[in-house]
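After the structure tokens below, expect a handful of questions from me.
Lettering follows sequence order; numbering is per chain, from 1.
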Number of protein chains: 2
Amino acid sequence: MYKPEPADGLVEERLGLGHLNQHLGYFVRRLQVVIFKDFIRELASMKLRPAQYSVLLVIEANPGSSQAAIGRTLGIERARLARLLHDLEGRAWIERRPASDGRTHALFLVYDGAKALAQSKKLAARHEAHMTKLLGAKRKAALLDLLKDLG
Amino acid sequence: MYKPEPADGLVEERLGLGHLNQHLGYFVRRLQVVIFKDFIRELASMKLRPAQYSVLLVIEANPGSSQAAIGRTLGIERARLARLLHDLEGRAWIERRPASDGRTHALFLVYDGAKALAQSKKLAARHEAHMTKLLGAKRKAALLDLLKDLG
DNA sequence: TATTGTTATACTCTATAACTATA
DNA sequence: TATAGTTATAGAGTATAACAATA
């Protein structure tokens with residue numbers, strides 16, 4: 001989070017951003033990278049990436065959903081979601097059961113998955129604490145409030 | 001409260017996010033993807049990606065900078081920046097001149113690059129107008145204000 | 001015909017490591 | 001020994017296309 005001072009006391013120069021200061025996307029991207037790096041480091045012991053974690057949470061909140069519904073909700077392309085679920089199924093964290101519509105699978109967390117998700121949530125809470133420290137509680141809440149209703 | 005009934009199966013269902021609602025990173029990521037997609041589409045005619053555009057702007061604002069300084073400023077790893085600059089040099093948009101420190105290159109926009117950047121800024125302004133429409137001017141300004149001073 | 005899920009390919013971005021040349 | 005830049009490789013994430021099974 002902080003970087004050591006160079007031995008000779010010289011500060012590593014940071015240049016001006018010029019016209020980039022007008023672009024919201026630049027700052028959103030920088031923040032997203034910082035957040036994801038911390039999340040990935042904190043959940044490395046679970047071998048769980050942000051996209052995988054988000055899929056587990058949406059399955060938990062919507063048991064029996066189809067892959068198409070999950071993908072639409074999270075903006076994950078179906079080809080990528082198929083591979084991602086294949087991995088989670090291989091860990092015995094989720095199950096794909098046949099559904100009434102013969103084309104779809106109904107997705108469920110299974111026992112190991114629920115246990116892994118509970119542990120992951122604890123690590124994710126530590127990550128959120130880091131973010132609160134980085135941003136300040138007020139700013140973090142303000143950002144969440146501004147971003148939450150973009151549907 | 002009254003909720004209109006969707007016509008049978010015609011509305012694509014969106015699932016609840018569950019615990020994901022507590023994670024700022026999720027919403028920051030979704031916004032970043034939306035912003036970058038629009039930017040990339042708008043600047044496709046220039047064949048200019050967000051990272052390339054940001055490098056051109058920082059060179060413009062800091063002529064003669066080294067690659068290391070640019071990379072530190074934008075958070076771009078030096079190996080990737082070398083390839084990125086190789087591409088921009090191939091278009092004759094930038095120049096690498098020898099610097100006093102024999103290890104470094106001094107980077108400059110050249111004529112074609114300045115011309116291309118001017119045109120790109122026009123397209124980027126159209127992109128920003130899209131974002132203003134999407135977010136609303138007030139919210140967009142509030143977000144920029146909250147994110148700008150994260151250093 | 002359209003939708004769901006799968007496999008495959010290609011491209012970008014990121015993360016390393018190894019190497020050179022200069023300091 | 002440390003830094004600047006280059007090249008190479010491997011892993012995610014993303015975007016397509018093609019295909020089989022089902023609606």
When Ala69(B) and Arg83(B) are each assigned the nearest nucleotide of DNA chain D, the 5'-most assignment goes to Ala69(B)
Hey, is the side chain of Arg78(B) pairing donor to acceptor with the base of dG5(D) inside 3.5 Å? yes
If you compare every side-chain N and O of Arg49(A) against the phosphate oxygens of dA12(D) (OP1, OP2), does one of them come in below 4.0 Å?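 For dA12(D), neither OP1 nor OP2 has a side-chain N or O of Arg49(A) closer than 4.0 Å.
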Atom pair distance, as rounded to whole Å: CD in Gln32(A) and C1' in dT14(D):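 One finds 13 Å between C1' of dT14(D) and CD of Gln32(A), rounded.
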Rounding to 0.5 Å, atoms CG (Leu147(B)) and CZ (Arg139(A)) come to a distance of 7.5 Å
Can you measure Leu81(A) atom CG to dT7(C) atom P for me and round it to whole angstrom units? 13 Å
Specify the separation, in whole Å, of atom CZ of Arg72(B) and atom P of dT3(D).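 My rounded result for the distance is 10 Å.
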Nucleotide nearest Asp101(B) (side chain, heavy atoms from C-beta), chosen from dA23(C), dG5(D), dA8(D): dA23(C)
Once you apply a heavy-atom cut-off of 4.0 Å, does His86(A) come out as touching a base, just sugar-phosphate, or nothing?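 Contact class for His86(A): none.
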Starting at the 5' end of DNA chain C and moving along, which residue's nearest nucleotide shows up first, Gly102(B) or Ala82(A)? Ala82(A)
Looking at every strand, decide which applies to Ala79(A) at a 4.0 Å heavy-atom threshold: base, sugar-phosphate, or nothing.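 The answer is base, as Ala79(A) lies within the cut-off (heavy atoms under 4.0 Å) of a base atom.
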Between Gln67(B) and dT3(D), is there a contact of a side-chain N or O with OP1 or OP2 at under 4.0 Å? no
Consider only side-chain heavy atoms of I, L, V, M, F, W and Y, link residues closer than 4.5 Å, and tell whether Met131(A) and Leu144(A) are in one cluster.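 In one cluster: yes.
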Give the rounded distance in Å between these two atoms: CD1 of Ile76(B) and P of dG5(D). 13 Å
Separation of Glu77(A) atom CD from dA12(D) atom P, in whole Å?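 Going from CD in Glu77(A) over to P in dA12(D) covers 18 Å.
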Is there a donor-acceptor contact under 3.5 Å from the side chain of Arg30(B) to the main chain of Leu74(A)? yes
Let me know the distance between CZ of Arg103(B) and C1' of dT3(D), rounded to the nearest Å. 4 Å
Please report, rounded to the nearest Å, how far the P atom of dG11(D) is from the CG atom of Leu84(A). 17 Å
Nucleotide nearest Ala68(A) when distance is taken to its side chain, options dG5(C), dA2(C), dT6(D):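 Within the option list, the nearest is dG5(C).
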Starting from the 5' end of DNA chain C, give me the residue, Leu85(A) or Gly75(B), whose nearest nucleotide shows up first.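 Here Leu85(A) is the residue nearer the 5' end.
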Within the distance-only criterion (no hydrogens, no angle test), does the side chain of Asn62(B) pair as donor or acceptor with the backbone N or O of Gly16(A) below 3.5 angstrom? yes
Using whole Å, what does the distance between atom P of nucleotide dT12(C) and atom CD1 of Ile40(B) come to?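 Whole-Å distance recorded here is 10 Å.
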Counting only side-chain nitrogens and oxygens, does Arg80(A) get under 4.0 Å of the OP1 or OP2 atom of dT14(D)? yes
Inspect the surroundings of CZ in Arg126(A) and state if more than 12 heavy atoms from other residues, nucleotides or ligands are less than 6.0 Å away.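 No, CZ of Arg126(A) has 12 or fewer neighbouring heavy atoms, counting only those of other groups under 6.0 Å.
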Establish, with yes or no, whether the OP1 or OP2 oxygen of dT14(C) is under 4.0 angstrom from a side-chain nitrogen or oxygen of Arg29(A). yes
